[in-house]
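In what follows, a structure is listed as structure tokens, so that the remarks can point back to it.
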Amino acid sequence: MKLCLIIPTLNEENNIRKIYKKILNTKIKLDILFVDDNSTDKTRSIIKNLSSKNKNVKFIFRNNKKGIGSAHKDAIKYAYKKNYSLIITMDADGTHDPKYFNSMIKKAYQYDYVITSRFKRLNLIEDWPIERKIITYTRHILIKLFLGLSYDASGAYRCFMTNKIPLKMFSQSKNNDYAFFWEITYLIKLQKYSIYELPVKLVYRKLGKSKMQFKHIISSFFYLLKMFFERKFLK
Ligand SMILES: Nc1nc2c(ncn2[C@@H]2O[C@H](COP(=O)(O)OP(=O)(O)OP(=O)(O)O)[C@@H](O)[C@H]2O)c(=O)[nH]1
Ligand SMILES: [Mg+2]
């Protein structure tokens, strides 16, 4: 079985080697696909260097910052085109621990779409700063209220088998930023695919800066409102 691990990057020079090492420690045979959006630090040269020494390290280098959702969609398209059987997606900043890969893969055999959850147990985001906790919980409540989704629908740490969900499902999501994650969860749920939520502990990023800016929070909120009104009045 061919496994593809997708990692979008934007100025993550201090995190790439660390996450790569952790991935290797899992001993799971997989290809790693980095999708970089014109990082201005050493991210690209580190990825190129890893790739030149390890043929399981692939990359897509895009010329502009097109957004995290768009990076996921491009990488997923690549993985389908290259006939990978299973896809895992994760962040580069160390928040998502590869120690969960095995459990995610096991669940991907039983369910159509595996997502991870910060809310299934207490203390899964205990080291997060209070302002990030507030944003995360508020978003979770709004997604539940507006879309009826009770999952932790905004995380990027996910896993699925390519023969269970058709590629065209992903292009149905129109958002290219952070709202992509709950839009695709919503669309997948709407099509009655089975979704499993795996509780995972998320470590707050220690190195590098968050790429989520205030403008993303505002635009995601308006996108959620738009989805709410479409769901209410256009269906
Ligand atoms: N290719 C690409 N990657 C991105 C983009 N925005 C963010 N990323 C990457 O996506 C992952 C998640 O971004 P973060 O900045 O950690 O966002 P977050 O996890 O929601 O926010 P924090 O909890 O504050 O870290 C990281 O690996 C980023 O480098 C983008 O526009 N393009
Ligand atoms: Mg992060």
Side-chain angles (χ1 to χ4, degrees), residues 5-20 22-23 32-48 50 57-79 87-98 100 115-119 124-140 142-143 152-158 170 173 175-185 200-221 223-224:
L5 172 66
I6 292 169
I7 309 181
T9 57
L10 189 63
N11 296 329
E12 300 287 0
E13 62 181 1
N14 295 313
N15 289 314
I16 307 283
R17 288 190 194 281
K18 278 185 186 299
I19 196 69
Y20 182 69
K22 279 193 176 177
I23 294 162
I32 306 170
L33 174 62
F34 290 101
V35 196
D36 187 74
D37 272 6
N38 213 11
S39 289
T40 49
D41 65 1
K42 295 198 190 95
T43 300
R44 283 195 172 195
S45 56
I46 297 168
I47 293 173
K48 268 194 198 158
L50 282 177
V57 177
K58 326 263 179 204
F59 57 81
I60 299 173
F61 284 172
R62 310 193 304 175
N63 291 331
N64 302 303
K65 181 180 166 357
K66 293 183 181 165
I68 185 171
S70 154
H72 274 252
K73 281 188 269 187
D74 270 7
I76 288 169
K77 204 185 288 171
Y78 173 102
I87 293 175
I88 300 176
T89 59
M90 75 188 297
D91 292 349
D93 60 0
T95 295
H96 301 147
D97 194 327
Y100 296 106
I115 60 180
T116 52
S117 174
R118 297 161 266 206
F119 308 120
L124 291 176
I125 52 171
E126 62 188 346
D127 73 327
W128 284 32
I130 185 73
E131 66 278 10
R132 282 296 276 114
K133 279 186 183 166
I134 292 169
I135 293 171
T136 300
Y137 278 106
T138 310
R139 188 173 52 198
H140 183 53
L142 292 177
I143 290 172
D152 180 0
S154 60
Y157 198 17
R158 301 178 173 201
F170 295 91
S173 163
N175 193 275
N176 288 324
D177 282 310
Y178 292 86
F180 161 75
F181 298 110
W182 65 78
E183 186 175 30
I184 192 65
T185 310
V200 297
K201 195 170 172 77
L202 299 194
V203 185
Y204 196 69
R205 77 150 69 228
K206 296 202 169 52
L207 298 168
K209 287 197 186 104
S210 170
K211 310 302 170 319
M212 196 171 60
Q213 299 165 355
F214 186 64
K215 66 172 186 194
H216 293 125
I217 299 172
I218 299 298
S219 66
S220 293
F221 175 69
Y223 198 81
L224 188 58

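Read the numbers this way: they start at 1 and go in the same order the structure lists the ligands and their atoms.
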Donor-acceptor contact present, side-chain Asp177 to main-chain Ala179, <3.5 Å: no
Identity and separation of the nearest protein heavy atom to atom 10 (O) of ligand 1: Ile68 CD1, 3.1 Å
For atom 2 (C) of ligand 1, the protein heavy atom that lies nearest, with its residue and separation: Thr9 O, 3.5 Å
Arg62 versus Ala71, closest heavy-atom pair with distance: NH2-N, 3.3 Å
Any N, O or S atom of Asp93 closer than 2.8 Å to the Mg ion (ligand 2): yes
Ligand 1 versus Ser210: contacting region, heavy-atom distance under 4.0 Å: both
Heavy-atom nearest neighbour in the protein, as seen from atom 17 (O) of ligand 1, with distance rounded to 0.1 Å: Tyr178 OH, 3.3 Å
For Arg205, atoms of ligand 1 separated by under 4.0 Å from a heavy atom: 14 (P), 15 (O), 16 (O), 25 (O)
Aromatic ring pairing Tyr157/Tyr100, orientation class (parallel under 30°, perpendicular over 60°, tilted between): perpendicular
Contact atoms of ligand 1, heavy-atom distance to Asp93 under 4.0 Å: 16 (O), 19 (O), 25 (O)
Considering all heavy atoms, the nearest Asp36-Asn38 contact: OD2-N, 3.2 Å
Flag side-chain contact, heavy atom, 4.5 Å: Ser173 against Lys73: yes
Nearest-contact summary for atom 19 (O) of ligand 1 - protein heavy atom, Å: Asp91 OD2, 3.4 Å
Full working for ring-ring contact (aromatic ring centres under 6.0 Å, His included) between Phe170 and His72: CA-CA 9 Å; Phe170 295 91; His72 274 252; 9.7 Å; no
Distance filter under 4.0 Å to Ala92 heavy atoms, resulting ligand 1 atoms: 26 (C), 27 (O)
Which of the ligand 1 atoms, numbered from 1, are nearer than 4.0 Å to a heavy atom of Tyr204: 23 (O), 24 (O)
Close-contact set for ligand 1 against Glu12 heavy atoms, below 4.0 Å: 26 (C), 27 (O), 28 (C), 29 (O)
Nearest heavy-atom neighbours spanning Pro98 and Lys22: CG-CB, 3.8 Å
Within-shell test, Thr95 vs ligand 1, heavy atom, strictly < 4.0 Å: no
Under 3.5 Å: N/O of Lys66 near N/O of ligand 1: no
Arg132 to Tyr204 six-membered ring, cation-pi geometry met (6.0 Å, 45°): no
Crowding at NZ, Lys48 (>12 non-hydrogen neighbours, <6.0 Å): no
Atom 32 (N) of ligand 1: nearest protein contact (heavy atom, Å): Asp37 OD2, 2.9 Å
Lys65 atom NZ: more than 12 heavy-atom contacts under 6.0 Å: yes
Side chain, backbone, both or neither: the part of Val35 lying under 4.0 Å from ligand 1 by heavy atom: backbone
Whether Trp128 lies under 4.0 Å from ligand 1, heavy atom: no
Option set Glu131, Arg132, Lys211, His96, criterion heavy-atom distance to atom 21 (O) of ligand 1, minimum: Arg132
Lys133, NZ atom: more than 12 neighbouring heavy atoms under 6.0 Å: yes
Heavy-atom nearest option to atom 5 (C) of ligand 1, drawn from Ile19, Ile7, Leu10: Leu10
Ring centre gap for Phe119 and Tyr137 strictly below 6.0 Å: yes
Nearest non-hydrogen protein atom, atom 31 (O) of ligand 1: Lys65 NZ, 2.9 Å
Residue, atom name and distance, where the atom is the protein heavy atom closest to atom 9 (C) of ligand 1: Pro8 O, 3.5 Å
